[in-house]
Amino acid sequence: MAILYLPVPHSSIEISNKLHPTVRLNSICPYFTMFPLTFPYSLLKEAKKKDLIFDPFCGRGTTNYAARLRGLSSYGIDSNPVAHAIAQAKLVEVKPREVAALCRDILLHTSSKRHPKGEFWEWAYHCETLNDICKLRQYFNSKTRLNRIDIALRALCLGILHGPLMKTEPSYLSNQMPRTFATKPDYSVRFWETRNLEPRYVNVLSLVKRKAEYIFNDQLPKKSKGKIILSDSRRLTGIPEEKFDWIITSPPYFGMVTYEQDQWLRNWFLGGLDSVHYPNPQQIKHGSEGSFKEDIAKVWKNVAKRSKSNAKMVIRFGALPSLSQKTPTELIKESLQLSDVGWKIDTIRRAGKANPQHRQANQFKNSPGGYIEEIDVYAVLKN
Ligand SMILES: C[S@@+](CC[C@H](N)C(=O)[O-])C[C@H]1O[C@@H](n2cnc3c(N)ncnc32)[C@H](O)[C@@H]1O
């Protein structure tokens with residue numbers, strides 16, 4: 001089946017500044033090492049109507065959104081709360097007015113008890129804007145179960161929490177950020193101080209309204225079935241009994257250990273600390289190639305248990321050459337062998353060849369270690 005929901009040329013989905021309405025939800029919040037929507041979307045052209053899709057390292061939920069565009073059910077797991085919160089929003093259906101009404105309600109009726117203190121916060125946000133952000137944070141973190149409107153508003157807030165200053169209407173709540181990711185507090189303060197950049201007041205409700213109209217527009221694809229789970233894929237709990245037909249995924253690139261610290265501000269919004277916090281035991285270990293391979297192998301093994309015979313798995317992967325003795329091809333081949341469950345490699349290709357300027361690894365242009373070799377591995381489950 002090939003329902004073409006994307007009435008824009010395939011390659012321009014994420015390139016143009018103005019995204020087509022059908023794909024705007026996918027860009028609700030940036031996330032590091034996200035792969036382009038075109039990657040899972042084109043693979044799923046081959047999927048059948050009833051196929052079930054899975055991504056055990058779903059990040060911002062790109063695979064899940066591609067599945068939705070194709071009208072397919074999907075599941076995703078990620079152990080990073082920021083990734084989980086963004087990906088959850090990819091599966092919801094809401095009206096912009098519902099999102100704006102919830103935001104208005106929260107700002108009117110919630111009192112924010114705790115405000116983060118210190119130089120970083122004084123420079124990062126205007127005090128009234130920060131007060132409203134704290135009310136929203138308080139609301140989300142005091143609820144045990146979020147409904148679809150909560151999920152949509154929370155992801156939207158994560159997306160506007162920080163970013164560059166615009167000359168026209170503000171698109172972000174923060175002062176001008178030095179980078180697209182959340183830079184460390186001392187570095188950010190120096191950046192603002194030396195440029196004398198005072199934070200300006202941003203009206204949270206009007207920005208939320210504007211963004212909600214843009215993202216949750218009436219051309220979004222129909223909601224498809226599925227779930228995003230905050231968990232560790234080495235354990236794979238909480239997913240349905242139904243078996244998977246397709247796995248499209250991208251494990252952490254070997255040596256890329258900054259996923260969480262680069263998202264510290266968004267993590268704070270989700271209830272985390274108001275400073276940069278590093279360790280999360282639920283993340284794949286990068287200590288040595290051996291432990292990394294073993295961890296990834298556990299995931300391939302678990303995924304196999306929950307997949308149909310002949311299920312297809314496509315893995316996009318890379319490694320920092322300075323940290324890795326082995327090539328990405330060797331690392332993935334060995335991890336699949338180690339899983340010992342019947343994943344047979346069909347093809348290995350260099351990733352992003354057709355469109356080198358939009359490679360996933362480009363998001364790490366400034367990482368130590370230089371150019372990252374990136375591959376796509378196609379495997380089939382023969383058990
Ligand atoms: C390369 S990113 C995936 C990006 C995704 N393809 C996208 O488009 O957003 C790898 C993801 O693996 C997640 N991760 C690391 N260890 C994990 C684990 N043990 N279980 C589940 N997810 C994990 C990281 O949090 C990160 O979001």
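Quick note: numbers below take in every heavy atom, side chains included, and nothing from hydrogens, waters or symmetry partners. One-based numbering along the sequence shown. These numbers were taken from a predicted model, which means no experiment stands behind them. Each ligand, and each atom within it, is numbered from 1 in the order the structure gives.
Each of the atoms 21 (C), 22 (N) of ligand 1 lies under 4.0 Å from some heavy atom of Pro56. Under a 4.0 Å criterion applied to the non-hydrogen atoms of Asp232, ligand 1 contributes the atoms 18 (C), 19 (N), 20 (N). Numbered from 1 in the order shown, with element, the atoms of ligand 1 that lie under 4.0 Å from a heavy atom of Asn80 read 25 (O). In the vicinity of Ser231, heavy-atom distances shorter than 4.0 Å reach the ligand 1 atoms 20 (N), 21 (C). Interface of Arg234 with ligand 1, defined as ligand atoms under 4.0 Å from a residue heavy atom, comprises 19 (N).
Within the set Gly318, Ser79, Cys58, the minimum heavy-atom distance to atom 21 (C) of ligand 1 is found for Ser79. Atom 24 (C) of ligand 1 has its nearest heavy-atom neighbour, among Asp78, Thr62, Ile86, in Asp78.
Within a 6.0 Å radius of CZ in Arg200, more than 12 heavy atoms belonging to other residues, nucleotides or ligands are found.
When every heavy atom of Val303 is checked against every heavy atom of Ser307, the shortest pair comes out as O-OG, 2.7 Å.
Between Phe120 and Trp264, the distance separating the two ring centers is shorter than 6.0 angstrom.
The proximity of Ala87 to ligand 1, defined as any non-hydrogen pair under 4.0 Å, does not occur for either the backbone or the side chain.
Between Lys293 and Glu334 there is a salt bridge, since a side-chain N of the basic residue sits under 4.0 Å from a carboxylate O of the acidic one. A salt bridge is absent between Glu46 and Lys312: the closest approach of a Lys/Arg side-chain nitrogen to an acidic carboxylate oxygen does not fall below 4.0 angstrom.
There is no side-chain donor-acceptor pair under 3.5 Å between Gln176 and Arg195. Judged by distance alone, the side chains of Asp150 and Tyr139 do bring a donor and an acceptor atom under 3.5 Å apart.
Remark: ligand 1 and Ser250 share no N or O pair separated by less than 3.5 Å (distance only, no angle test). The shortest N or O to N or O distance between Met34 and ligand 1 is not under 3.5 Å. Here's the thing with Tyr31: one of its N/O atoms is less than 3.5 angstrom from an N/O atom of ligand 1.
Remark: Arg316 is positioned above the aromatic ring of Phe39, its terminal NZ or CZ atom under 6.0 angstrom from the ring centre and at most 45 degrees off the axis.
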